[in-house]
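Quick caveat, the model's predicted, so the values are computed rather than measured.
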Amino acid sequence: LDGTTPVDRVVIAAIMNGAMAPTWRPGPSLPVARFGHTSFSFGGEVFLLGGENDDGPIADVIRTQRDATFEVTSWASVGTIDSAPTFGAAFVHAGQVWVLGGLSGGRTSGNATARVLRADIGADGHIGAFSRVPGGDLPVALAASAVVYDAPYVYKVGGLTGDPLVASSHVVIGTLPCPARRSVSRR
């Protein structure tokens, strides 16, 4: 694998007492092979959004499904994202998923974007409609960068920028209001 090949393979390892078990095992395959997606967790589930495959950007947002023993058994479609980014970054704040930057249009024809999107996460784990945050664009277009959220701060570090894309040393720091936290039921 070279990092640009869409795959549907999932592997899982248990984390016990802070150390990973020595054995990775197969997990449920993704419904559609993808790469360049972003992920986040909420309510004990893992979500994937954006990315692309050989047909282009993938709009479908998917979430793990678990059985009574909390084992991941499958993936479910829980929403869509228009103009799905490749190599974007996501985090959860106040019951909403936030998506920062990424490539708009995919790896072969896309440009880094500065847009910031957000959507509500429903009590049932479905994702509402994404909207652009008014006045919330990043000061520089960034894709394939790391995001760290430590309330109330959001850090977006490095990645790619420009046209053509070049490595970036930008560090963008933002703050978000900290409303009362929503409680999330966990199994």
Q: Grab the two heavy atoms, one from Ser77 and one from Asp60, that are nearest each other, plus how far apart they are.
A: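 Closest heavy-atom pair between Ser77 and Asp60: OG-OD1, 2.5 Å.
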Q: Does Leu49 belong to the same Ile/Leu/Val/Met/Phe/Trp/Tyr cluster as Val78, with side-chain heavy atoms less than 4.5 Å apart forming each link?
A: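 Both belong to a single hydrophobic cluster.
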Q: Identify whether Ile127 and Val99 are in the same connected component of the hydrophobic contact network (ILVMFWY, side-chain heavy atoms under 4.5 Å).
A: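 Both belong to a single hydrophobic cluster.
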Q: Whether the side chain of Arg66 engages the backbone of Glu45 through a donor-acceptor N/O pair (distance < 3.5 Å, no angle test) should be reported.
A: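 No, Arg66 side chain to Glu45 backbone: no donor-acceptor pair under 3.5 Å.
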Q: Any idea which heavy atoms bring Gly102 and Pro85 closest together, and the distance?
A: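 Scanning both residues, the minimum pair turns out to be CA-CB, 4.3 Å.
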Q: Can you name the closest pair of heavy atoms from Lys156 and Ala89 and give their distance?
A: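 Closest approach of Lys156 to Ala89, heavy atoms only: NZ-CB, 3.6 Å.
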Q: Around atom CG of Asp124, are there more than 12 heavy atoms of other residues, nucleotides or ligands at under 6.0 Å?
A: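 Counting other residues, nucleotides and ligands, CG of Asp124 exceeds 12 neighbours.
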Q: Measuring only between side-chain heavy atoms, which start at C-beta, is Leu100 closer than 4.5 Å to Leu142?
A: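 No, too far: nothing below the 4.5 Å cut-off.
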Q: Is any side-chain heavy atom of Arg132 less than 4.5 Å from a side-chain heavy atom of Asp137?
A: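 In short, these two side chains touch, coming nearer than 4.5 Å.
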Q: Where is the tightest heavy-atom contact between Ile12 and Gly27, given as atom of each residue plus distance?
A: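 So the minimum-distance heavy-atom pair works out to CD1-CA, 3.7 Å.
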Q: Just by modelled atom types, is the Pro28 backbone N or O under 3.5 Å from a matching donor or acceptor in the Trp75 side chain?
A: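 Checking the backbone N and O of Pro28 against the side chain of Trp75, a donor-acceptor pair under 3.5 Å is found.
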Q: Decide yes or no on side chain to side chain contact (heavy atoms under 4.5 Å, CB included) for Asp8 and Val32, but give the supporting numbers first.
A: CA-CA 6 Å; Asp8 63 359; Val32 174; over 6 Å; no
Q: Check step by step if side chain to side chain contact (heavy atoms under 4.5 Å, CB included) holds for Val147 and Trp98.
A: CA-CA 11 Å; Val147 67; Trp98 291 62; over 6 Å; no
Q: Counting distance only, does the side-chain N/O of Thr64 pair as donor-acceptor with the main-chain N or O of Val46 below 3.5 Å?
A: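 Judged by distance alone, yes, a pair lies under 3.5 Å.
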Q: Give the intermediate values and the outcome of side chain to side chain contact (heavy atoms under 4.5 Å, CB included) for residues Ile62 and Arg34.
A: CA-CA 12 Å; Ile62 59 175; Arg34 63 171 76 196; 4.2 Å; yes
Q: Roughly how far, to the nearest 0.5 Å, is CG of Leu103 from CG of Asn111?
A: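 The distance works out to 8.0 Å.
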Q: Going hydrophobic residue to hydrophobic residue with side-chain gaps under 4.5 angstrom, can you get from Phe42 over to Ile81?
A: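 Yes, one cluster joins them.
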Q: Could you see if Val10 belongs to whatever hydrophobic cluster contains Val61? Use Ile, Leu, Val, Met, Phe, Trp, Tyr and a side-chain cutoff under 4.5 Å.
A: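 Cluster IDs for Val10 and Val61 differ.
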Q: Checking the side chain of Thr38 only, and the main-chain atoms of Ala90 only, is there a donor and an acceptor separated by less than 3.5 Å?
A: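 At least one qualifying donor-acceptor pair exists.
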Q: For Phe130 versus Thr80, what's the shortest heavy-atom pair and its separation?
A: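 So the minimum-distance heavy-atom pair works out to CD1-O, 3.5 Å.
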Q: Might you point out which heavy atoms bring Ala119 and Ala129 nearest each other, and give the distance in Å?
A: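 That closest heavy-atom pairing would be CB-O, 3.6 Å.
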Q: Go through the side-chain N and O atoms of Gln65 and Thr73 and say whether any donor and acceptor fall under 3.5 Å apart.
A: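 The answer is no; no qualifying pair exists.
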Q: Between CZ of Arg118 and OG of Ser131, what distance do you get to the nearest 0.5 Å?
A: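 Spacing of CZ (Arg118) from OG (Ser131) equals 6.0 Å.
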Q: So, the side chain of Thr161 versus the backbone of Ala141: is there a donor-acceptor pair under 3.5 Å, distance only?
A: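 Confirmed, Thr161 side chain pairs with Ala141 backbone.
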Q: Do Asn53 and Ile58 have side chains that get closer than 4.5 Å, going by heavy atoms?
A: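 Counting from C-beta outward, Asn53 and Ile58 do come under 4.5 Å.
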Q: Any non-hydrogen side-chain atom of Ser145 less than 4.5 Å from a side-chain atom of His170?
A: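 Ser145 does not reach His170 side chain to side chain.
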Q: Could you check Ser168 against Val140 for side chain to side chain contact (heavy atoms under 4.5 Å, CB included), going step by step and ending with a plain yes or no?
A: CA-CA 10 Å; Ser168 169; Val140 62; 5.7 Å; no
Q: How far does CG of Leu138 sit from CZ of Arg115, to the nearest 0.5 angstrom?
A: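 So the CG of Leu138 and the CZ of Arg115 are separated by 11.0 Å.
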Q: Counting distance only, does the side-chain N/O of Asp120 pair as donor-acceptor with the main-chain N or O of Gly122 below 3.5 Å?
A: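 Looks like no, no N/O pair under 3.5 Å.
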Q: When the ring planes of Phe91 and Tyr149 are compared, do they come out parallel, tilted or perpendicular, using 30° and 60° as the limits?
A: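 Aromatic pair Phe91/Tyr149 classed parallel.
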Q: Going by the angle between their ring planes, with limits at 30° and 60°, are Phe47 and Phe40 parallel, tilted or perpendicular?
A: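 If you compare the ring of Phe47 with that of Phe40, the planes turn out parallel.
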Q: Under a 4.5 Å side-chain heavy-atom rule over Ile, Leu, Val, Met, Phe, Trp and Tyr, are Val171 and Tyr153 clustered together?
A: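 As far as the 4.5 Å side-chain criterion goes, Tyr153 and Val171 are connected within one cluster.
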